[in-house]
Amino acid sequence: MTEPHEARLIKLKKIQEMGIDPWGHRFPERQYVSEVRQRAGEVKYQLESGEQIDLPDLDAARAAGQPIDYRAWKAEQPPGEEVGPQVRVAGRIVLQRGQGKIKFITLRDWTGDIQIMIGKAQVGDRDFELSKLFDLGDWIGVEGRLGRTNTGELTVFAERLHFLGKTLEPPPEKHAGLQDPELRQRQRYLDLTYNRGVMDVFRARTKIVQSIRDTLNRRGYCEVEGPTLHTVAGGAAARPFKTYHNALDMPLVLRIALELHLKRLLVGGMERVYELGRVYRNEGISPRHNPEFTMLEAYEAFGDYKVMMELTEQIIVDALETLGRGYQVVWNDQTIDFTPPFQRRTYDELFAEATGLAPDDVQGIAEYARQIGLEPQGKHPDVVKSEVFEAKVEDSLQGPIFVIDYPASICPLTKRKPDNPAVAERFELFVQGMEIANAYTELNDPILQEELFRTQLEGQAEEDSMAKMDHDFILALRNGMPPAGGLGIGIDRLVMLLTGSRNIRDVILFPLLRPPQSAQEQTEAASVEPQESTPAKAT
RNA sequence: GAGGGUGUAGCUCAGUCGGUAGAGCAUCGGACUUUUAAUCCGUGGGUCCGGGGUUCGAGUCCCCGCACCCUCACCA
């Protein structure tokens, strides 16, 4: 009885016995599969006179489902032979078809697939013996001539084989791929290699992030790295992860936002500054929430929220262009039109449309809240209004739409409108019911800021509030922060929209999961003592 | 945190009314020099998520637990 992984160990040993290192070495001057494919036109049919003639368009015919019989085509030509360039490719074996003294392999690198033909007569006995020891998933390098098989498939006709890396575990099922969502996340490496489109999504993510940096750098922004260990979880309304520094004997939290340190840099004269980084929120997990996620925050001195609105549009439009996409994106069977300018509607307008209530009808809003199952009792009217807005308006915003001018009392870090202190100069961008961006004209008045930090809105737990006292931040503001616009964008959600992904875990390489049961037992066995936040005073 | 769903071979999945655990792919042995998910012949492979219970008998029914997925809540 030979189980798949045992068979692989046996082959590993046989490869070693042939004097070949099963873990490989560098393989210089290799060409990507995509590059090799671009050279398909160099494959010609050479007559005995030396004249070379082009092949018929075999790829187009195959793509159209009507493959040309290349063997028959060649038979019609004057005597001659196929010629093609020498190539060097490397990748993983994803399919193999043995056929007596020849063997076909589908080789995959991260640019695509290409077929390899290994003939005993062409590669010699030693390499052919080696090829019999190939398993699905192994890494190999191939030198050979690019050409066409009888059916017209572009193929590397191997002349020399290199073994680059053994795989000891069997790969997923070869047609269905890896379906189990848990395994796809735990073993992302298998998902990336064997499931169509996964690599594309993550490479698109990289392109989007690069595009965002390009857009900001072009506008004269400076990228910085703030601290991730904070003493106060400020800048957003979320529960933090708690941790502990032993040497300083000090409790710490992981940052929930980038905001307060970037504003300190505005005080320091970094007039255009941004950070693209991970933040951590100790909240629930859902298809739109992961405990750690990537945020962009950008601050521009002498700007305001309207400047940030334009910047937001620019960032998204540039990202779409970088992806080589138009402004129309299909997501969840719906078409989203990112053609700028995006729609702009005020908070109160949308609120009135959805509820039929006047935005200042405190009694009516409380009554409405009760009707839809919310509890208005003991809460500030703006908190109730905000809860109603979230329940009745946000989910229905297909967008892209900027919701502008929020109730000031729920925006403790935002400057108020000069002509109406009850309204804050803030916008949020919604697309498909998801909040993608959040921005405001930054509050730079240290006296008002301190007051807002002190005043806890009724009905809000301190942890749930954006207004957490941060004396060090107030001190910074007292040193003079220029008026500025600030912007935050949830990168993961933006990537979801631009790649058609419906679950945030499809755009995060390693989303948080509980450890698998076997590992959990090991962990428990290893750590009998609970090790949570144990101060190192004893040592 | 609440409700619903899923968990069977390495992978993808069947499994009827409670009655001997199944298929395809992969593996292993054999044939095959132009295949395309190659094909053909043959072979091995199971903690039916874990633990209890009911029963002569449990993959199947009941209870408890675990993981993942979905919806809702908190949140971006």
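Both backbone and side-chain heavy atoms feed into the values below; hydrogens, waters and symmetry mates do not. Quick note on labels: first sequence line is chain A, next is B, and so on, each numbered from 1.
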I'd like a list of close polar pairs between nucleotides 32-34 of chain B and the protein, N/O only, cut-off under 3.5 Å.
unit_1	atom_1	unit_2	atom_2	d
B:C32	N3	A:G100	N	3.1
B:U33	OP2	A:K101	N	3.2
B:U34	OP1	A:Q99	NE2	3.3
B:U34	O2'	A:N150	ND2	2.5
B:U34	O2	A:N150	N	2.9

*Using the P atom as the reference point in each nucleotide, state the distance between B:G45 and B:G19 in Å, no decimals.*
24 Å
*Residues which pass side-chain hydrogen bond (donor to acceptor under 3.5 Å, both in side chains) with A:R213, listed by chain and number, not counting sequence neighbours*: A:E223
*Pairwise C1' distance for B:U43 and B:C17, with rounding to whole Å*: 35 Å
*Figure out the OH/P separation between A:Y406 and B:A76, and round it to whole Å.*
11 Å
*With side chains defined as the heavy atoms from C-beta onward, is the minimum distance between A:E292 and A:N290 less than 4.5 Å?*
yes
_Any base atoms under 4.0 Å from A:F293, or only sugar-phosphate, or nothing? Heavy atoms, all strands._
base
*If you measure from the C1' atom in B:G53 to the same atom in B:A14, how many Å do you get, rounded?*
28 Å
_Separation of B:G29 P from A:K132 NZ (nearest whole Å)_ = 11 Å
*Which residue, A:T155 or A:L183, contacts RNA chain B at a nucleotide closer to its 5' end, judged by nearest heavy atom?*
A:L183
*Hey, is the side chain of A:R514 poking within less than 4.0 Å of OP1 or OP2 on B:A67, counting only N and O atoms?*
yes
_Atom pair distance, as rounded to whole Å: CD in A:E182 and C1' in B:U12_ = 16 Å
_Categorize A:D180 for me: base, sugar-phosphate, or nothing, with a 4.0 angstrom heavy-atom threshold over every strand shown._
sugar-phosphate
*What's the CG-P distance between A:N282 and B:A76, to the nearest Å?*
14 Å
*For A:Y70, which residues count as a side-chain hydrogen bond (donor to acceptor under 3.5 Å, both in side chains) partner, sequence neighbours excluded?*
A:E82
_Please report the distance, rounded to the nearest Å, between CD in A:E6 and P in B:G44._
15 Å
*Looking at every strand, decide which applies to A:E435 at a 4.0 Å heavy-atom threshold: base, sugar-phosphate, or nothing.*
sugar-phosphate
*asked:* Using the P atom as the point on both nucleotides, what is the distance between B:G24 and B:U34, in whole Å?
replied: 27 Å
_Integer angstrom distance from the P of B:A26 to that of B:U39_ = 8 Å
*Does the side chain of A:K174 get closer than 4.0 angstrom to OP1 or OP2 of B:G24 through an N or O atom?*
no
*For residues 146-161 of chain A, which residue pairs qualify under salt bridge (Lys or Arg N to Asp or Glu O under 4.0 Å), counting only residues two or more places apart or in two chains?*
A:D59-A:R148, A:R62-A:E153
*Report yes if at least one side-chain N or O of A:R505 is closer than 4.0 Å to OP1 or OP2 of B:C70; otherwise report no.*
yes
*Contact class for A:L178 (heavy atom, under 4.0 Å): base, sugar-phosphate, or nothing?*
sugar-phosphate
*asked:* Tell me the interatomic distance from A:H5, atom NE2, to B:A9, atom P, rounded to whole angstroms.
replied: 15 Å
_By the 4.0 Å heavy-atom rule, please label A:D492 as base, sugar-phosphate, or nothing._
nothing
*Interatomic distance at P, B:G52 relative to B:G57, whole Å*: 16 Å
*List for me each residue that meets salt bridge (Lys or Arg N to Asp or Glu O under 4.0 Å) alongside A:D470, sequence neighbours excluded, and say none if there are none.*
A:R264
*Decide salt bridge (charged side-chain N to carboxylate O under 4.0 Å, His left out) for A:E6 and A:R8; before the verdict, give the C-alpha distance in whole Å, the side-chain angles of both, and the deciding distance to 0.1 Å.*
CA-CA 5 Å; A:E6 293 177 61; A:R8 284 162 188 264; over 6 Å; no
*For A:Y299 and A:Y274, what are the C-alpha separation, side-chain angles and deciding distance, and is it a ring-ring contact (aromatic ring centres under 6.0 Å, His included)?*
CA-CA 6 Å; A:Y299 292 84; A:Y274 73 97; over 10 Å; no
*Rounded to the nearest Å, what distance is computed from the CG atom of residue A:L136 to the C1' atom of nucleotide B:A26?*
7 Å
*Which part of the nucleic acid, if any, lies within reach of A:R288 when heavy atoms closer than 4.0 Å are counted: base, sugar-phosphate only, or nothing?*
base
_Spacing of the P atoms in B:C63 and B:G5 (rounded, Å)_ = 12 Å
*asked:* Tell me whether the side-chain N/O atoms of A:Q185 come closer than 4.0 Å to OP1 or OP2 in B:C69.
replied: yes
*Indicate, with a heavy-atom threshold strictly under 4.0 Å, whether A:N290 touches base, sugar-phosphate, or nothing.*
base
*Please state how far atom CD1 in A:I285 lies from atom P in B:A67, giving the value in whole angstrom units.*
11 Å
*Short side-chain N/O contact from A:R97 to OP1 or OP2 of B:A38, under 4.0 Å*: yes
*Taking the six-membered ring where the residue is Trp, are the ring centres of A:W139 and A:F163 under 6.0 Å apart?*
no
*Is there a Watson-Crick or G-U wobble partner for B:A2 with both distances under 3.5 Å, and if so, which one is it?*
B:U71
*Restricting to pairs with a member in residues 172-182 of chain A, which pass salt bridge (Lys or Arg N to Asp or Glu O under 4.0 Å), not counting sequence neighbours?*
A:E182-A:R186
*Look at A:R502 and B:C70 and indicate whether a side-chain polar atom (N or O) is within less than 4.0 Å of OP1 or OP2.*
no
*Checking all strands, does A:K11 fall into the base, sugar-phosphate, or nothing category for heavy-atom contacts under 4.0 angstrom?*
sugar-phosphate
